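Inspection log for the structure reproduced underneath, given as structure tokens.
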Protein chains: 2
Amino acid sequence: MFKISEVVKQCAISADTLRYYEKIQLLPPIHRNDSGIRLYNKQDISSISFIKRAQYMGFSLAEIAKLLAFRKDPQHAKTEVRQLANDKLIAINEHLSQLKTLKNELTLLVNLCNAADDGCPIIKGLEIP
Amino acid sequence: MFKISEVVKQCAISADTLRYYEKIQLLPPIHRNDSGIRLYNKQDISSISFIKRAQYMGFSLAEIAKLLAFRKDPQHAKTEVRQLANDKLIAINEHLSQLKTLKNELTLLVNLCNAADDGCPIIKGLEIP
DNA sequence: AGTTGACCTAGAGTTAACTCTAACAGTTAT
DNA sequence: ATAACTGTTAGAGTTAACTCTAGGTCAACT
């Protein structure tokens, strides 16, 4: 059983965020001691790690809530979760190609900038369209 | 001179957004006719295109405000704008590598999902750490 | 006994970038 | 002339995901 400060350290998350997750029911009501202090158990820690990892992987908290629900009933999860992941992959690919384009354009402009005498080519580049 | 509805079509932007940009002084006060109707001139259209393009390129409205200011005084812009673009490039590279990792992990999990019999490997994959 | 320090709460504030609402005015079409 | 359309405003609401504030309790040290 871990007090909130221990979870803060272990999971690299703020106490506010932990309480917030509980408030929005992303986490279940956490067990309390007689003084009302939250005591997180291993399952809670596992859920928090799950949340952080899923978040890093691009899932929103709303999506993570579904994933956590599915985690309790894996038999029924397969199709829906795969759909969720597939949708994410499509979005990520779109995002990736946009970022690559942006990177190329910016790199070009920054390089041009090193050579230019008059004005700033970054500004000019943005003016073209 | 273009009425707001024309700008909406030409620039693929909402009237609300145009008025919002003027309110936050990203755009200058737009010329009005006797009835108080906004009439955008070519310079305004150019600024709006500039904004949209810069936005697509990953600049925030706050950054774009600076770029627009610099656009009026290109002589002094070079260093600062290049710095802005350089910072953006660094952030984009970071973002790109994170997205690539995420894509690889998700692809792997989705592929595993096709083969699994018990539970959902996406869920299990998230549980590992 | 007193003072930190960690913890608690409800609720407000933050951020970016819109988006919507209500209520009104002027323009165009029939 | 009347209905429909397009425009106007100030200001409130939205979204996600926190983050902070004020005011309080409780346990541990000095």
Side-chain angles (χ1 to χ4, degrees), chain A residues 1-41 44 47-68 84 87-88 91 95 98, chain B residues 1-41 44 47-68 84 87-88 91 95 98:
Chain A
M1 301 296 248
F2 311 94
K3 283 206 255 183
I4 203 163
S5 60
E6 296 171 287
V7 181
V8 163
K9 281 175 207 152
Q10 250 186 77
C11 301
I13 192 168
S14 83
D16 271 334
T17 299
L18 284 170
R19 287 187 284 252
Y20 166 70
Y21 284 172
E22 191 177 343
K23 188 159 74 179
I24 64 167
Q25 301 181 58
L26 187 62
L27 290 175
I30 302 299
H31 177 253
R32 310 293 186 102
N33 69 10
D34 292 348
S35 307
I37 302 288
R38 285 175 182 81
L39 293 175
Y40 295 82
N41 62 30
D44 297 326
S47 294
I48 294 159
S49 303
F50 182 100
I51 291 167
K52 288 219 80 181
R53 187 165 167 79
Q55 201 172 30
Y56 171 76
M57 290 180 72
F59 294 99
S60 71
L61 294 188
E63 289 169 325
I64 294 169
K66 287 184 198 171
L67 290 175
L68 283 168
L84 201 57
D87 292 351
K88 257 314 155 207
H95 206 155
Q98 278 186 6
Chain B
M1 300 294 248
F2 311 94
K3 283 206 254 182
I4 203 163
S5 60
E6 298 170 287
V7 181
V8 163
K9 281 173 208 155
Q10 248 187 80
C11 301
I13 191 169
S14 82
D16 270 334
T17 300
L18 284 170
R19 286 187 285 252
Y20 166 70
Y21 283 172
E22 190 176 344
K23 188 159 75 178
I24 64 168
Q25 301 182 58
L26 187 61
L27 289 176
I30 304 298
H31 177 254
R32 310 293 186 102
N33 69 10
D34 292 348
S35 306
I37 303 288
R38 284 175 182 81
L39 294 175
Y40 295 82
N41 60 31
D44 297 326
S47 294
I48 294 159
S49 304
F50 182 99
I51 291 167
K52 287 219 79 181
R53 188 167 169 79
Q55 202 172 28
Y56 172 76
M57 289 180 72
F59 293 99
S60 70
L61 294 188
E63 290 170 324
I64 294 169
K66 287 185 198 169
L67 289 175
L68 282 168
L84 201 55
D87 292 350
K88 255 319 153 202
H95 207 156
Q98 278 185 7

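The sequence lines fix the lettering, A, B, ..., with proteins before strands; numbering per chain opens at 1. Just so it is clear, the values below take in all heavy atoms, side chains as well, and ignore hydrogens, waters and symmetry mates. Keep in mind the model is a prediction, meaning the values are calculated, not measured.
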Between [N] atom [atom2] and [X] atom [atom1], what is the distance in whole Å?
X       : N      : atom1 : atom2 : answer
A/Ile30 : C/dT9  : CD1   : C1'   : 16 Å
A/Glu63 : D/dT15 : CD    : C1'   : 14 Å
A/Leu18 : C/dC7  : CG    : C1'   : 13 Å

* Asked: Base, sugar-phosphate, or nothing: which does B/Ile24 touch, judged by heavy atoms less than 4.0 Å apart?
  ->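 Answer is nothing: B/Ile24 stays at 4.0 Å or more from every strand.
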
Show me the protein contacts with nucleotides 17-22 of chain D, counting only N or O atoms at under 3.5 Å.
from	atom 1	to	atom 2	distance (Å)
D/dA17	OP2	A/Leu61	N	3.3
D/dA17	N7	A/Tyr20	OH	3.4
D/dC18	OP2	A/Tyr21	OH	2.6
D/dC18	OP2	A/Gln55	NE2	2.7

Name the pairs: protein N/O against N/O of nucleotides 25-29 of chain C, kept only if under 3.5 Å.
from	atom 1	to	atom 2	distance (Å)
C/dG26	O3'	B/Ser35	OG	3.1
C/dT27	OP1	B/Ser35	OG	3.1

* Of all residues at least two apart in sequence or in a different chain, which pass the side-chain contact (heavy atoms from CB on, under 4.5 Å) check with A/Ile37? ->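 A/Ile37 satisfies side-chain contact (heavy atoms from CB on, under 4.5 Å) with A/Lys3, A/Asn33, A/Ser35 only.
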
* Applying side-chain hydrogen bond (donor to acceptor under 3.5 Å, both in side chains), name anything that partners B/Ser5, two or more places apart in sequence or on another chain. =>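 Not a single residue meets the side-chain hydrogen bond (donor to acceptor under 3.5 Å, both in side chains) criterion with B/Ser5.
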
* To do: With sequence neighbours excluded, tell me which residues meet side-chain hydrogen bond (donor to acceptor under 3.5 Å, both in side chains) with B/Gln10.
  =>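 Listed in chain order: nothing, the list is empty.
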
* To do: Using salt bridge (charged side-chain N to carboxylate O under 4.0 Å, His left out) as the criterion, list what pairs up with A/Glu6, not counting sequence neighbours.
  =>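 Not a single residue meets the salt bridge (charged side-chain N to carboxylate O under 4.0 Å, His left out) criterion with A/Glu6.
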
* Show your reasoning for whether side-chain contact (heavy atoms from CB on, under 4.5 Å) applies to B/Leu68 and B/Ile51. => CA-CA 8 Å; B/Leu68 282 168; B/Ile51 291 167; 4.0 Å; yes

* Kindly say if A/Arg32 contacts the phosphate of D/dT25, meaning a side-chain N or O under 4.0 Å from OP1 or OP2. =>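 For A/Arg32, the contact criterion (side-chain N or O under 4.0 Å from OP1 or OP2 of D/dT25) is not met.
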
* Does B/Arg38 place a side-chain N or O at less than 4.0 Å from the phosphate oxygens OP1/OP2 of D/dT9? ->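 The answer is yes; a side-chain N or O of B/Arg38 sits under 4.0 Å from OP1 or OP2.
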
* Passes side-chain contact (heavy atoms from CB on, under 4.5 Å), A/Phe2 versus A/Asn41? Steps please. -> CA-CA 6 Å; A/Phe2 311 94; A/Asn41 62 30; over 6 Å; no

* Ignoring hydrogens and geometry, is there a side-chain-to-backbone donor-acceptor pair from A/Lys52 to A/Ala12 under 3.5 Å? ->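 Looks like yes, one N/O pair under 3.5 Å.
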
* To do: Determine whether A/Asp44 and A/Pro28 make a side-chain contact, defined as any pair of heavy atoms from C-beta on separated by less than 4.5 Å.
  =>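 A side-chain contact under 4.5 Å exists here.
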
